[in-house]
Amino acid sequence: MDEEMNKEDELKEEDILAIKEARIRKDNEEEAEEEKKEHPDTPFWRFMKKLDFFWEYYKWFVIIPTLIIVAGGLTVASCVKDSRPRYLELAIMNEESRVEMISAIENDFIADTSRTYTAKDLRIEYAMQYPDMKTFEGAIGDVTFASMQKFNTMVLTGNVDIAITNTWVADAYTEQRTTTDLREMFDEEYLKEHEDDIYYSKDEAGEVIPVGFYIRSKIFTDSYDEKYPPVVISFNSAPHPEEKAIFMKWLAEYKKDDV
């Protein structure tokens with residue numbers, strides 16, 4: 001009797017399992033059929049499935065190189081001259097503020113020197129960072145490194161006439177023999193008259209040469225840390241040598257009595 005009951009129980013369990021398997025198989029078939037209806041087996045759908053698989057496993061191999069290429073392209077493009085002819089190209093570096101400086105350049109410089117061009121004919125690059133590498137500690141951030149590279153490219157390719165910056169930048173580029181000796185721009189009498197404002201630096205041979213003027217105008221000095229007064233320098237690769245001399249002379253004399 002017991003054996004017959006056990007057999008009946010086993011049959012019931014088998015029947016239950018068979019029913020469950022049949023139900024699961026039916027559900028899977030229905031899901032597959034539904035998916036097939038939604039996404040028919042066409043060349044386009046097969047391509048989309050391959051693309052989905054590729055993106056799932058290889059997307060970072062695409063994203064990272066793309067970002068690098070885009071960033072590099074933007075950096076190069078920003079260093080290349082645009083189609084508009086420029087009469088003067090300036091770089092403002094390490095400033096804490098810039099609105100008043102740029103306003104003075106775009107308005108007072110043109111008016112004071114009777115330039116025949118307008119502010120649109122000036123090119124002013126600003127918010128450029130260049131730390132003092134002799135005292136700098138720690139790693140250079142990506143933004144600072146990119147800014148240094150951009151400015152270096154501008155100097156080497158002749159895309160900057162003048163830099164309003166700190167003394168350590170003047171030192172770095174004088175050592176590379178890229179800053180212009182003031183004796184090549186102004187006569188002895190003028191330099192004698194402004195000798196208290198001249199900034200001297202050493203080239204790679206150790207020769208001390210006049211390369212810039214300390215900026216005395218309050219509009220400009222207020223834009224810098226008082227411990228690191230700004231200087232104005234120019235470069236041998238400057239594309240507008242006559243205009244850079246006029247600008248340096250204007251800035252050396254600009255509103256010195258407002259200090």
Side-chain angles (χ1 to χ4, degrees), residues 75-95 98 101-102 104-110 112-130 147-188 190-191 194 197-205 207-215 217 220 230-254:
T75 300
V76 172
S78 66
C79 295
V80 177
K81 289 183 178 180
D82 56 31
S83 57
R84 176 193 293 272
R86 304 292 181 172
Y87 288 89
L88 188 65
E89 304 188 44
L90 311 170
I92 301 175
M93 307 176 68
N94 299 329
E95 77 278 13
R98 66 190 68 95
M101 283 196 296
I102 293 176
I105 293 169
E106 292 182 338
N107 296 288
D108 296 343
F109 166 65
I110 290 177
D112 293 347
T113 58
S114 301
R115 300 293 86 196
T116 58
Y117 48 82
T118 68
K120 293 182 179 180
D121 298 313
L122 300 174
R123 182 181 184 184
I124 305 176
E125 295 283 350
Y126 52 84
M128 304 185 73
Q129 302 175 28
Y130 201 115
S147 180
M148 294 171 69
Q149 288 290 91
K150 177 180 179 179
F151 180 70
N152 192 54
T153 301
M154 290 169 63
V155 173
L156 294 177
T157 57
N159 281 297
V160 60
D161 295 294
I162 295 288
I164 297 171
T165 184
N166 299 103
T167 57
W168 59 79
V169 178
D171 293 340
Y173 282 89
T174 299
E175 190 173 353
Q176 299 175 30
R177 293 179 179 270
T178 54
T179 53
T180 302
D181 189 328
L182 295 183
R183 292 170 296 188
E184 298 176 8
M185 302 173 62
F186 306 102
D187 58 36
E188 185 177 348
Y190 184 84
L191 294 178
H194 295 84
D197 298 328
I198 295 176
Y199 179 72
Y200 293 86
S201 188
K202 291 182 180 180
D203 63 16
E204 61 181 356
E207 180 183 357
V208 178
I209 57 177
V211 296
F213 293 109
Y214 282 105
I215 303 173
S217 170
F220 289 81
V231 295
V232 56
I233 59 177
S234 63
F235 302 93
N236 296 328
S237 60
H240 310 102
E242 293 183 4
E243 288 299 312
K244 77 175 186 179
I246 293 171
F247 182 85
M248 287 191 76
K249 185 176 181 179
W250 169 80
L251 191 53
E253 300 171 356
Y254 178 64

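All values below were derived from every heavy atom in this structure, side-chain atoms included, with hydrogens, water molecules and symmetry-related copies excluded. What you are looking at is a predicted structure, and each value in this text was computed from that prediction instead of being measured.
With sequence neighbours left out, W250 forms a ring pair (Phe, Tyr, Trp, His ring centres under 6.0 Å) with F109, F247, Y254. Applying the side-chain contact (heavy atoms from CB on, under 4.5 Å) rule to Y214 yields the partners T167, Y199, R216, P229, V231; only residues at least two apart in sequence or on another chain are considered. Under the side-chain hydrogen bond (donor to acceptor under 3.5 Å, both in side chains) criterion, T179 pairs with T174, sequence neighbours left out. Listed by chain and number, the residues in a ring pair (Phe, Tyr, Trp, His ring centres under 6.0 Å) with Y117 are Y87 (sequence neighbours excluded). Applying the side-chain contact (heavy atoms from CB on, under 4.5 Å) rule to T118 yields the partners K120, D121; only residues at least two apart in sequence or on another chain are considered. Residues passing the ring pair (Phe, Tyr, Trp, His ring centres under 6.0 Å) test with F186 are Y190, F213, sequence neighbours excluded. With sequence neighbours excluded, no residue satisfies salt bridge (Lys or Arg N to Asp or Glu O under 4.0 Å) with D112.
Evaluation of the salt bridge (Lys or Arg N to Asp or Glu O under 4.0 Å) test over residues 152-179, restricted to residues two or more places apart or in two chains, returns R177-D203, R177-E204. Among pairs with a residue in residues 237-249, those fulfilling salt bridge (Lys or Arg N to Asp or Glu O under 4.0 Å) read R115-E243, at least two apart in sequence or across chains.
Of all heavy-atom pairs spanning F220 and P230, the tightest one is O-CG, 4.3 Å. Here the closest non-hydrogen pair linking V160 and P239 is O-CD, 3.7 Å. Closest non-hydrogen pair, A119 versus I110, comes out as N-CD1, 3.4 Å. A pairwise comparison of heavy atoms in W168 and Y130 identifies NE1-O, 2.8 Å as the closest pair. Smallest separation of non-hydrogen atoms from A91 and M128: CB-SD, 4.1 Å. Closest non-hydrogen pair, P241 versus A238, comes out as CD-O, 3.9 Å.
Distance CZ/R183 to CD1/I198: 9.5 Å, rounded to 0.5 Å. Between the OH atom in Y126 and the CG atom in N94 there is a gap of 16.0 Å [rounded to 0.5 Å]. Here the CD-NZ distance, from E207 to K202, works out to 11.5 Å after rounding to the nearest 0.5 Å.
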**Report entry** Residues L182, M248; criterion side chain to side chain contact (heavy atoms under 4.5 Å, CB included); working and verdict
**Finding:** CA-CA 10 Å; L182 295 183; M248 287 191 76; 3.7 Å; yes
Requested in this report: Go through the steps for I124 and E106 under the test side chain to side chain contact (heavy atoms under 4.5 Å, CB included), then give the verdict.
Outcome: CA-CA 9 Å; I124 305 176; E106 292 182 338; 4.1 Å; yes
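Between R86 and E89 no salt bridge is recorded (no basic side-chain N to carboxylate O distance below 4.0 Å).
Between the side chain of S237 and the main chain of L156, no donor-acceptor pair closer than 3.5 Å is present.
Between I209 and S201 there is no side-chain heavy-atom pair separated by less than 4.5 Å. L251 is not listed as a side-chain neighbour of I162, based on a closest heavy-atom distance of 4.5 Å or more. The side-chain heavy atoms of I164 and E95, taken from C-beta on, include no pair separated by under 4.5 Å. Using a 4.5 Å heavy-atom threshold, the side chains of L88 and I246 count as separate.
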